[in-house]
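Read the structure below first, then the notes.
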Amino acid sequence: MKRLSILLLIVSLFAQFSTIDAQKKRTKEERQQWFNEMRQYKHNFLIKELELNEKQQKAFFPIYDAMEEETHKLHHGTRKLQRELSKKDADVTDIEYEKAAEALFELKYKEAQIELKYFEQFKNVLTKKQLFLLKKAEDKYTRHLMRQHDKQKKNR
């Protein structure tokens, strides 16, 4: 009887962990779906703002998405460093703080380097006017999202 109880306990624990694992996977899938929807929404926004034709869209978005991915990795690495230091808190040395602060201050510089690298590629796809309007369109998109977020917050 004792053996059966232990066996049932083990089976129920495995079932519980597999359910939790399935929920994590579903959450990652949902997050990926949300990310893809947001990317498509941004693409549509940029198509409208920059008045991209079909040929430009096919050439522009693979380059643009690569730039976004590279920038995302840069930000992700910096956030990870911040989280690690925050978790350590009392055990952080001055050298670690200095390196983290340096990484934070260099973030904008590295981001600008990435954008300049891709700007050279955008020159082959976009008109001069579209190149000029790209940053303005990205800023407008961000403001648009912030307004949407504020509206949703007020409706809750």
Side-chain angles (χ1 to χ4, degrees), residues 6 9-47 49-50 52 57-126 130-156:
I6 291 173
L9 179 63
I10 291 171
V11 169
S12 68
L13 283 174
F14 277 122
Q16 187 176 15
F17 285 125
S18 66
T19 303
I20 290 170
D21 190 46
Q23 287 174 347
K24 284 181 186 176
K25 285 181 184 175
R26 187 175 58 229
T27 302
K28 285 181 182 178
E29 289 170 2
E30 288 172 353
R31 206 173 320 131
Q32 185 62 44
Q33 181 182 352
W34 176 84
F35 177 77
N36 291 337
E37 289 171 3
M38 290 302 295
R39 175 181 277 169
Q40 187 57 53
Y41 186 73
K42 187 172 189 178
H43 284 194
N44 293 338
F45 190 90
L46 291 174
I47 289 168
E49 291 296 313
L50 300 176
L52 297 174
Q57 291 174 38
K58 288 179 181 172
F60 174 74
F61 285 115
I63 299 167
Y64 187 81
D65 291 342
M67 180 185 74
E68 291 266 293
E69 181 63 30
E70 199 171 328
T71 305
H72 174 75
K73 286 179 182 176
L74 177 67
H75 284 266
H76 180 74
T78 306
R79 283 192 307 271
K80 183 179 177 185
L81 181 61
Q82 285 178 303
R83 280 192 305 272
E84 288 171 0
L85 287 184
S86 294
K87 286 179 184 175
K88 288 172 78 175
D89 198 31
D91 299 330
V92 179
T93 66
D94 283 347
I95 292 172
E96 289 173 311
Y97 275 130
E98 183 179 0
K99 290 215 179 277
E102 190 175 311
L104 290 170
F105 279 92
E106 287 180 346
L107 180 65
K108 292 269 189 215
Y109 173 71
K110 289 178 180 177
E111 188 177 290
Q113 286 179 314
I114 292 168
E115 289 180 353
L116 282 172
K117 177 177 87 174
Y118 285 94
F119 176 76
E120 291 302 316
Q121 295 177 47
F122 293 147
K123 283 182 180 181
N124 299 322
V125 177
L126 302 175
Q130 289 169 325
L131 281 170
F132 175 74
L133 293 175
L134 178 58
K135 275 296 183 193
K136 184 178 178 181
E138 288 178 316
D139 292 343
K140 188 174 180 180
Y141 174 76
T142 302
R143 285 191 308 275
H144 175 73
L145 283 184
M146 295 304 289
R147 281 193 297 271
Q148 294 296 339
H149 178 72
D150 288 346
K151 284 179 186 177
Q152 286 180 345
K153 222 168 134 177
K154 288 178 183 176
N155 291 337
R156 288 183 195 160

| message | Would K99 and E96 count as a salt bridge (charged side-chain N to carboxylate O under 4.0 Å, His left out) here? Give the steps. | response | CA-CA 5 Å; K99 290 215 179 277; E96 289 173 311; over 6 Å; no
| message | Determine whether M67 and Q121 satisfy the following criterion, side-chain contact (heavy atoms from CB on, under 4.5 Å), listing intermediate values before the conclusion. | response | CA-CA 10 Å; M67 180 185 74; Q121 295 177 47; over 6 Å; no
| request: Evaluate the criterion side chain to side chain donor-acceptor pair (under 3.5 Å) for residue pair Y118 and E70; output intermediate values, then yes/no. | output: CA-CA 10 Å; Y118 285 94; E70 199 171 328; 2.8 Å; yes
| field | Worked check of side chain to side chain donor-acceptor pair (under 3.5 Å) between E29 and Q33 | value | CA-CA 6 Å; E29 289 170 2; Q33 181 182 352; over 6 Å; no
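Note that OG1 of T142 and NE2 of H144 are 10.5 Å apart. Values are rounded to the nearest 0.5 Å. Going from atom CD of E84 over to atom CD of Q82 covers 11.0 Å, rounded to the nearest 0.5 Å. In this structure, N155 CG and D150 CG are separated by 11.0 Å, a value rounded to the nearest 0.5 Å. With values rounded to the nearest 0.5 angstrom, T27 atom OG1 is found 14.5 Å from W34 atom CH2. Interatomic distance, NZ of K42 versus CD of E49, reported as 12.5 Å (0.5 Å rounding). Separation of atoms NZ (K136) and CG (L50) is listed at 11.0 Å; rounding is to 0.5 Å.
Exactly one residue among L46, V125, I47 makes a side chain to side chain contact (heavy atoms under 4.5 Å, CB included) with Q57. That residue is I47.
Closest of all the heavy-atom pairs between L145 and M38 is CD2-CE, 3.7 Å. The heavy-atom pair separating L81 from A100 by the smallest distance is CD2-CA, 3.7 Å. Residues Q130 and L52 share a closest heavy-atom pair of NE2-CD2, 3.7 Å.
Side chains of Q32 and N36: a donor on one and an acceptor on the other come within 3.5 Å.
Among residues at least two apart or in separate chains, ring pair (Phe, Tyr, Trp, His ring centres under 6.0 Å) pairs with a member in residues 59-113 are H43-F61, F60-Y64, F60-F122.
Using a 4.0 Å cut-off between charged side-chain N and carboxylate O, E120 and K123 make a salt bridge. Note on E138 versus K135: salt bridge recorded, some NZ/NE/NH1/NH2 to OD/OE distance being below 4.0 Å.
Side-chain contact between R39 and F35 is present, with at least one heavy-atom pair separated by less than 4.5 Å.
Within a 6.0 Å sphere centred on NZ of K117, heavy atoms belonging to other residues, nucleotides or ligands number more than 12. More than 12 heavy atoms of other shown residues, nucleotides or ligands fall within 6.0 angstrom of atom CD in Q148. The local environment of CG in N124 is crowded, with over 12 non-hydrogen atoms from other residues, nucleotides or ligands closer than 6.0 Å.
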